[in-house]
Number of protein chains: 2
Amino acid sequence: MNIGDVANRTGLPAKTIRYYEEINLIKPLRDANGYRRFREQDIHKLNFLGRARALGFTIEDCRTLLALYEDESRASADVKRIAREHLGQIDAKISDLRAMRDTLGHLIDACAGDDRPDCPILRDLGGKT
Amino acid sequence: MNIGDVANRTGLPAKTIRYYEEINLIKPLRDANGYRRFREQDIHKLNFLGRARALGFTIEDCRTLLALYEDESRASADVKRIAREHLGQIDAKISDLRAMRDTLGHLIDACAGDDRPDCPILRDLGGKT
DNA sequence: ATGGGGGTTCCAGCCACAGGAAGGTCAAGG
DNA sequence: CCTTGACCTTCCTGTGGCTGGAACCCCCAT
């Protein structure tokens with residue numbers, strides 16, 4: 001399979017697949033003409049990576065998770081620890097975003113949104129008077 | 001005021017302040033020795049920028065908001081539109097993150113986290129079998 | 001004179017790719 | 001046989017919003 005087919009099958013852009021090879025996440029074979037040739041195991045790894053990325057894991061986490069996935073003697077505790085740390089970061093981000101949304105929401109509600117210059121949003125950003 | 005004092009007063013790193021000058025958000029004066037000299041209006045702008053950034057506005061949004069802030073004949077509708085668009089992006093991000101958190105949370109709960117290799121998290125990433 | 005704590009510029013790096021140029025390869029159709 | 005067009009290749013640049021560091025200058029106190 002060439003990269004285009006793999007892109008179709010995995011949903012990952014060809015650019016991304018090339019990038020994953022460059023950073024040694026996958027190692028597809030090469031045909032005589034220089035084209036990458038992907039085996040089923042490569043595609044399987046790419047799907048793994050796609051799902052892990054969709055859950056927001058960093059590339060380095062993905063690398064570790066992939067290694068654990070292929071290590072039959074792994075301890076699930078290692079996987080769980082990585083996942084929990086990541087969950088913590090997600091929660092932190094969510095609460096940051098919620099704080100922003102709350103503040104911003106109040107300001108927006110307070111703003112007339114007409115053609116006059118008076119604006120609580122700018123007043124707040126400018127230091128509340 | 002030199003950049004160090006301004007950094008202390010605004011809470012912004014000196015590096016960031018220099019960067020904001022580089023991208024023309026502020027234009028501090030220069031002393032004979034080449035040091036930046038900040039006026040109160042520069043500090044006011046920096047505080048504005050700090051608060052806008054803390055609400056998650058992009059630099060380009062900040063630039064626009066600052067221009068509106070200084071435009072006495074602005075229409076608050078313009079400000080509100082920018083804020084609402086930004087709010088939309090925040091909400092989108094929050095819901096992405098919540099989806100991630102939910103999936104990840106379930107997987108973590110299902111994982112024993114001991115020294116055995118069996119792991120629902122990896123099973124899911126690997127394609128659920 | 002020297003030491004230390006400011007300041008300056010410029011360059012590299014971060015993350016995870018995306019866009020695009022310049023060129024090689026392959027199968028189908030005329 | 002030649003062309004066309006869809007692939008593929010590598011390489012370089014850019015993204016956002018800074019951050020770190022090198023190499024150097026400036027000023028004040030000892």
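Computed over heavy atoms, backbone and side chain alike; hydrogens, waters and symmetry mates excluded. Order of the sequence lines sets the chain letters (A, B, ...), proteins ahead of strands, with each chain counted from 1. All of these numbers come straight from a predicted model, not from anything done at the bench.
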A/Leu25 CG to C/dA16 P, in whole Å, measures 10 Å
Heavy atoms only, 4.0 Å cut-off, all strands: where does B/Arg37 land among base, sugar-phosphate and nothing? nothing
Mind calculating the distance between CD1 (B/Ile59) and P (D/dG16) to the nearest angstrom? 10 Å
Can you check whether A/Arg63 has a side-chain N or O nearer than 4.0 Å to OP1 or OP2 of C/dA16? no
Return no unless some side-chain N or O of A/Thr16 is found under 4.0 Å from OP1 or OP2 of C/dA18. yes
Using a strict 4.0 Å threshold on nitrogen-to-oxygen distance, state whether A/Asp114 and A/Arg116 make a salt bridge. yes
Side-chain atoms of A/Arg53 come closest, of C/dA16, D/dT9, D/dG17, to C/dA16
Walk me through whether B/Asp42 and B/Arg39 qualify under salt bridge (charged side-chain N to carboxylate O under 4.0 Å, His left out). CA-CA 5 Å; B/Asp42 297 317; B/Arg39 294 156 293 178; 3.2 Å; yes
Pick base, sugar-phosphate or nothing for A/Arg18, based on heavy-atom distances below 4.0 Å to the nucleic acid. base
Nearest listed nucleotide, side chain of A/Pro13, among C/dG7, D/dC18, C/dA18: C/dA18
Between B/Lys93 (NZ) and D/dG16 (P), how many Å, whole number? 13 Å
With respect to the phosphate group of D/dC8, does any side-chain polar atom (N or O) of A/Asn33 fall under 4.0 Å of OP1 or OP2? no
Let's go through A/Glu60 and A/Arg63 carefully: what are the C-alpha distance in whole Å and the side-chain angles of both, what is the deciding distance for salt bridge (charged side-chain N to carboxylate O under 4.0 Å, His left out) to 0.1 Å, and is it a yes or a no? CA-CA 5 Å; A/Glu60 285 317 304; A/Arg63 192 188 301 280; 3.0 Å; yes
Between C/dT25, D/dT10, D/dC26, spot the one nearest the side chain of A/Arg30, thanks. D/dT10
In terms of ring plane angle, is the pair B/Tyr69 and B/His44 parallel, tilted or perpendicular, where the classes change at 30° and 60°? parallel
Atom CG of B/Asp61 and atom P of D/dG16 are separated, to the nearest Å, by 12 Å
Looking at every strand, decide which applies to A/Ile23 at a 4.0 Å heavy-atom threshold: base, sugar-phosphate, or nothing. nothing
May I ask you to verify whether the side chain of B/Lys15 and the base of D/dG21 hold a donor-acceptor pair under 3.5 Å? yes
Which atoms form the tightest heavy-atom contact between A/Tyr35 and A/Asn2, and what is the distance? CD2-ND2, 3.8 Å
Euclidean distance, atom CD of residue A/Glu21 to atom P of D/dC8 [Å, nearest integer]: 14 Å
Any donor-acceptor pair under 3.5 Å linking the side chain of B/Asp31 with the backbone of B/Asn33? no
How long is the line joining CD of A/Glu22 and C1' of C/dC15, in whole Å? 13 Å
Nearest-angstrom distance from the residue atom OH of B/Tyr19 to P of D/dT19: 11 Å
Looking at every strand, decide which applies to B/Tyr20 at a 4.0 Å heavy-atom threshold: base, sugar-phosphate, or nothing. sugar-phosphate
When the distance from CG of A/Asn2 to P of C/dC26 is rounded to whole Å, what number comes out? 10 Å
Judged by nearest nucleotide, the residue sitting upstream toward the 5' end of DNA chain D, B/Tyr35 or B/Thr58, is B/Thr58
Phosphate oxygens OP1/OP2 of D/dT10: is one of them under 4.0 Å from a side-chain N or O of A/Arg36? yes
